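Because the structure is predicted, anything quoted here is derived from the model rather than measured.
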Amino acid sequence: MAGPSIETHISKLWFIGDRVYKVKKPVNLGFLDFTTPEARLHFCEEEVRVNQDLAPGVYLGVVPVIVDPDGIRLRERGDPPEWAVEMVRLPAAGMLDRRLAAGNVDNQLIRTLVDRIVRFHRDAATGPGIDEHGTPAAVRRKVLDNIAQSERFVAEATPPEAPSPLPPALAEFLAEVSRRFLTERGALLDSRVRAGRVREGHGDLHAGNVCESEGRLVIYDRIEFSRAFRCGDVAEDLAFLAMDFDRRGFPAFAAYLVRTYADRAADPEIGRLIDFYKVYRAAVRGKVAAICSAADESAGYFQLAAGYLLPRALILLCGLPGSGKSHAARRLATPFRATLLQSDVQRKLLAGVPLHDHRGELAWPGLYGDAMTARTYATLRDRAFDNLSEGRTVIVDATFPTPELRHYFLNE
């Protein structure tokens, strides 16, 4: 059977008609070991089992297969054993990550998703065998082990002459802040164990694992290879999805997701934990990207993790037109979750010029004159300080041709 395929760090998937066949790679990454056929069969069966609650009817079973250069085929007697999870193929257009990119998500969809997650967490297993994964000691081990693993995978994937996605100073910063948080908030974590907030959750809850299909939301790809990775505070599951929204450039949806969950799950304390778990989950994704040798993606996730921990800031990007500062501003805005203010955009808004019109001074006399420039910078400054007063980091993208203009922004 031939068809398009994709690979992750631990699996290969073939899309054939209305079916997907997922084969586990014979890898040992330390936190999982699929190196024997028996292990791959076991975890294929586990994947089908653990995904029934959130993706009913999608995981059909485990089938014996042969993987060869031409694709995948059902195994015949005498062939070496390999195993695949057989799944119903979900509609690509319904995937939440694609809907976000297409601008096809609204608050109603977020509320529906929250309701599904709240019901899942409410009914998920808790108690002995699960609660211990939410204690301060267990969380500390998980977070610090992930940083150590990340350093190893980054070092293995990064050529000596290339910049590291996770420099030693950043790794130590993430570890130190995490240790301090767990020391200061240990009593909070203990109280949440007692309150039943530690559950056997999903473990990999991001937009790429959510799909709207036939009028219902399907949440799939729940972690099968480690119960410890599934178990934790419900804030950990929710933080993964909120972090993913942040990473994709939708911080307002991330904030709405958390507020709505807190309300509907009657969990007002969850907001005190979200940023801590966002840091952890961003670092997990940075590690996975490093395993896949995706250096830029890995660096983006580790920068996002650091961005959750840094205080608000005013960042002025200065330079001549065409020098690349706008590209740098956009790259910085996501990890810092910053408000991006651009002088060209603000200038056109003040002058009533369509943003897509690039004809400049010839078509719009005075657009770059002294009076409009003064209005533009004054408005940028006012908007910057309004955002700073609300606790947001701000990036101002402008030429700043004189020291006086730069100093103007540094004095409130």
Side-chain angles (χ1 to χ4, degrees), residues 97 100-103 105-107 110 170 177 207 239 241-260 271 274-276 278-279 281-282 285 296-297 299-321 323-356 372-401 404-412:
D97 55 350
L100 284 165
V105 173
D106 57 17
N107 284 352
I110 301 297
L170 177 54
V177 173
L241 186 56
M243 178 278 296
D244 194 44
F245 284 164
D246 287 339
R247 174 66 176 148
R248 296 176 189 277
F250 296 92
F253 279 145
Y256 187 68
L257 175 87
V258 175
R259 290 198 308 271
T260 306
I274 285 293
D275 276 359
F276 168 75
K278 279 184 177 182
V279 171
R281 287 304 195 176
R285 295 299 287 177
D296 286 348
E297 183 180 359
Y301 277 115
F302 289 122
Q303 291 164 9
L304 179 60
Y308 289 122
L309 302 172
L310 298 174
R312 65 171 187 161
L314 173 62
I315 301 171
L316 306 182
L317 285 182
C318 316
L320 295 173
S323 60
K325 65 182 182 302
S326 294
H327 175 73
R330 289 190 294 271
R331 290 289 298 270
L332 283 171
T334 296
F336 281 101
R337 295 177 295 159
T339 299
L340 175 58
L341 303 178
Q342 297 178 291
S343 61
D344 282 348
V345 171
Q346 191 61 62
R347 185 185 299 271
K348 288 180 178 179
L349 289 174
L350 289 172
V353 176
L355 296 182
H356 61 271
M372 181 55 71
T373 295
R375 283 186 65 196
T376 298
Y377 278 90
T379 304
L380 287 172
R381 182 181 183 276
D382 290 344
R383 292 190 60 197
F385 282 108
D386 285 346
N387 278 273
L388 287 167
S389 68
E390 294 173 3
R392 289 190 287 271
T393 287
V394 179
I395 298 173
V396 182
D397 166 19
T399 55
F400 289 101
E404 289 76 18
L405 275 175
R406 296 191 290 275
H407 294 153
Y408 176 54
F409 275 75
L410 300 179
N411 296 284
E412 186 173 0

*Run the numbers on Lys325 and Cys318 for side chain to side chain contact (heavy atoms under 4.5 Å, CB included), then give the verdict.*
CA-CA 7 Å; Lys325 65 182 182 302; Cys318 316; 5.9 Å; no

_Phe409 CZ to Arg381 CZ distance, which is reported to the nearest 0.5 Å_ = 7.5 Å

*At what distance, to the nearest 0.5 angstrom, does CG of Leu340 lie from OG1 of Thr393?*
12.5 Å

_Minimal non-hydrogen separation, Asp244 against Ala207, with atom names_ = OD2-N, 2.8 Å

*Pick out which of Leu316, Ile315, Leu314, Thr339 makes a side-chain contact (heavy atoms from CB on, under 4.5 Å) with Ile395.*
Ile315

*Is there a donor-acceptor contact under 3.5 Å linking the side chains of Gln346 and Arg383?*
yes

*Locate the shortest heavy-atom distance separating Ala254 from Ala242; write the atom from each residue and the value.*
CB-O, 3.4 Å

*Does Phe250 reach the side chain of Val105, with side-chain heavy atoms less than 4.5 Å apart?*
no

*asked:* With a 4.5 Å cut-off on side-chain heavy atoms, are Arg337 and Arg312 touching?
replied: no

*Verify, without hydrogens or angle tests, whether Tyr377 (side chain) and Phe400 (backbone) share a donor-acceptor contact under 3.5 angstrom.*
yes

_Please check if the number of heavy atoms outside Arg331 that lie under 6.0 Å from its CZ is greater than 12._
no

*Can you measure from CE (Met243) to CD1 (Ile274) and round to the nearest 0.5 angstrom?*
11.5 Å

*In Å and rounded to the nearest 0.5 Å, what is the CG to CZ distance from Leu310 to Phe336?*
5.5 Å

_Least distance between heavy atoms, Phe253 atom then Asn107 atom_ = CE2-OD1, 3.5 Å

*Any side-chain donor-acceptor pair under 3.5 Å between Thr379 and Arg347?*
no

_Between CZ on residue Arg247 and CZ on residue Arg285, distance to nearest 0.5 Å_ = 10.0 Å

*Grab the two heavy atoms, one from Val394 and one from Ala384, that are nearest each other, plus how far apart they are.*
CG2-O, 3.6 Å

*Would you check, one step at a time, whether the test side chain to side chain contact (heavy atoms under 4.5 Å, CB included) holds for Leu350 with Thr376?*
CA-CA 7 Å; Leu350 289 172; Thr376 298; 4.0 Å; yes

*Quick one: pull up OG1 in Thr399 and CG in Leu317 and give me the separation to the nearest 0.5 Å.*
12.0 Å

*In chain order, what residues pass the salt bridge (charged side-chain N to carboxylate O under 4.0 Å, His left out) check against Asp397, with sequence neighbours excluded?*
none

*Closest heavy-atom contact between Leu405 and Pro401?*
CD1-CD, 3.6 Å

*Does Leu257 offer a backbone N or O that forms a donor-acceptor pair with the side chain of Thr260 under 3.5 Å?*
no

*Decide, yes or no, whether a salt bridge links Asp344 with Lys348 under the criterion of side-chain N to carboxylate O below 4.0 Å.*
no

_Any non-hydrogen side-chain atom of Phe245 less than 4.5 Å from a side-chain atom of Ile110?_
yes

